[in-house]
Structure formats: structure tokens, C-alpha cells
Amino acid sequence: MKRIIIFASGQGSNARAILDFFNKEGGAEVVRIVCNKPGAGVLELAQQAGIPTILCRKASLQEPDFIGALRSQQPDLIVLAGFLLQIPPALIAAFPNRIINIHPALLPKWGGQGMWGHHVHEAVLAAGEKLSGITIHQVDEVYDHGAPLLQACCPVLPDDDADKLAARVLRLEHFFLPRLIQFLLAQNES
Ligand code: GAR
């Protein structure tokens, strides 16, 4: 059984999509959910699903105790699913090529510090883009920068606001993120 750790800061709809997918498909389990926001929806989800959580602060991410707690879980993959803190080099070095992030737009445009959630969709709309979508990428030392693993597109429609566009993009996230995780975990075996 492959082992996944999810990092999330928000409502956790991607975390839920991952849990639902692997509950049905098998082959992998979510062993920990790491969150930096007390009261975030994802913590309630973890509680309902019986998954132990680790609350962290920005500074924790590079502390040996925190990294050791993750290591002890022997994760095959760490998935940033709506996690808004930058991952420090010590954490990246501890899990080389094993940390991926999902971003709600087509990188390299619309990324970087401050570009998260509705800020991304508002920027896409303000620029008059006809296409948006998702990028799932390896995590490196630069925010929203690592090698892309998967991109999927959706249209930006004339009467879109940030909420409507976010909902369309989230549907792509929920479909593709679990399936890419499954693919990557299978690659690890070969
Ligand atoms: C998702 O749209 C994810 O792509 C985005 O946060 C949302 C989290 O939703 N991530 C970023 O903006 C990272 N830069 P969720 O908590 O419902 O999964």
C-alpha cells in the first residue's frame, strides 16, 4: 500500500477528492494531513475520515522534528493540495522528487507569491484570457516553479466571475489530481 501525506491550508476539497478516489480504487492511503491553519475545513475532513493531522507553522517546515515526523511515516508522495506556504529547501531535500503541488491556472503565467485561490482567477479574468486550467508540478525551491507534470485546460467564458471560473477549474483539479497521483505512485514501482 502506497503512502500519501497531504498538505492543505483550506477547505480541503482536493484532499476529499484524493480520499474518495483511493477509498474506491485502493492501492494507496492518506497517512497524515498537515495543515497550517487552525480551524481550516480540511481539519474537519481529516477528523471525519479518521486521518491523524499535524498542525504546523511556517517555521516548523524546516525543523528537524517536523521533518522527522514526516519521515517516520515513510511517504511515497507528499501532495500540496491548496497549501499556501512555501516549502523550504530542507524539506525538499528530505523528499527529493516526492513533493508535488497543484496550482489553479496554467503556469508559468499566474503563479508566484500572492497568487492563490481567487487572486489567480481574478488575474486571469482581468487579462481577458480565453483559457485557464490547472498545473500539477514538482516542488522546487522557487514558488510555483518546479517541473510541470500535468496541465489541463478549460475555457474562460464571457460571463465568468472568479467564483464561476474557480468552480470550473476545481472540477479539473478533482478529476486529475487523484489520477496523476495514482500514475506517479505506479511509476515509482517500475
Ligand atoms: C485549489 O484551487 C488549489 O489549486 C489552490 O487552492 C485551492 C484549494 O482548494 N492552490 C493554490 O492556489 C496554490 N497556489 P481546496 O482546499 O478546496 O482543495
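As the structure lists them, so they are numbered: ligands from 1, and atoms in each ligand from 1. Keep in mind it's a predicted model, so treat the numbers as computed, not measured.
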**Prompt:** Can you check whether Phe22 reaches Lys2 side chain to side chain, under 4.5 Å on heavy atoms?
**Reply:** no

**Message:** Contact between ligand 1 and Met115 is defined here as a heavy atom of the residue under 4.0 Å from a ligand atom; is it met?
**Reply:** yes

**Asked** Considering only heavy atoms, does Glu173 approach ligand 1 within less than 4.0 Å through its side chain, its backbone, both, or neither?
**Response** side chain

**Prompt:** Is a donor on one side and an acceptor on the other found under 3.5 Å between the side chain of Arg168 and the backbone of Pro155?
**Reply:** yes

**Atom indices of ligand 1, in the order listed, that fall short of 4.0 Å to a heavy atom of Gly117** = 12 (O)

**Request:** Please identify which atoms of ligand 1 are closer than 4.0 Å to at least one heavy atom of Trp116.
**Result:** 12 (O), 14 (N)

**Message:** Return the closest protein heavy atom for atom 11 (C) of ligand 1 as residue, atom name and distance.
**Reply:** Pro104 CD, 3.6 Å

**Prompt:** What's the shortest heavy-atom distance between Leu61 and Gln86, and which atoms?
**Reply:** CD1-O, 3.6 Å

**Complete:** The atoms of ligand 1 lying under 4.0 Å from a heavy atom of Gly12, numbered in the order shown, are 15 (P), 16 (O), 17 (O), 18 (O)

**Item:** same_hphob_cluster(Leu45, Ile51) at 4.5 Å side-chain heavy-atom cutoff
**Value:** yes

**Prompt:** With only distance considered, is Gly10 within less than 3.5 Å of ligand 1 through an N or O on each side?
**Reply:** no

**Item:** Positive for side-chain contact (heavy atoms from CB on, under 4.5 Å) with Phe83, one of Ile6, Asn36, Ile102
**Value:** Asn36

**Item:** Distance from atom 9 (O) of ligand 1 to nearest protein heavy atom, with residue and atom
**Value:** Asn14 ND2, 4.0 Å

**Message:** Would Ile102 count as a contact residue for ligand 1, given that I'm defining contact as a non-hydrogen atom of the residue lying under 4.0 Å from a ligand atom?
**Reply:** yes

**Item:** Identity and separation of the nearest protein heavy atom to atom 14 (N) of ligand 1
**Value:** His103 ND1, 3.3 Å

**Prompt:** Do Arg3 side-chain atoms and Gln73 backbone N/O form a donor-acceptor pair below 3.5 Å?
**Reply:** yes

**Message:** Determine whether a donor-acceptor pair (N or O, by modelled atom type, separation under 3.5 Å) exists between the side chain of Ser132 and the backbone of Ala105.
**Reply:** no

**Closest non-hydrogen atom pair, Asp144 against Leu107** = O-CD1, 3.5 Å

**Request:** Give the single entry among Gly82, Gly111, Ser13, Ala81 that approaches atom 15 (P) of ligand 1 most closely by any heavy atom.
**Result:** Ser13

**Request:** May I ask you to check whether Gln11 has an N/O atom sitting below 3.5 Å from an N/O atom of ligand 1?
**Result:** yes

**Asked** Contact between Ala8 and ligand 1, counting heavy atoms under 4.0 Å?
**Response** no

**Request:** Establish, yes or no, whether the cationic atom of Arg179 lies under 6.0 Å from the six-membered ring centre of Phe175 and within 45° of the ring axis.
**Result:** yes

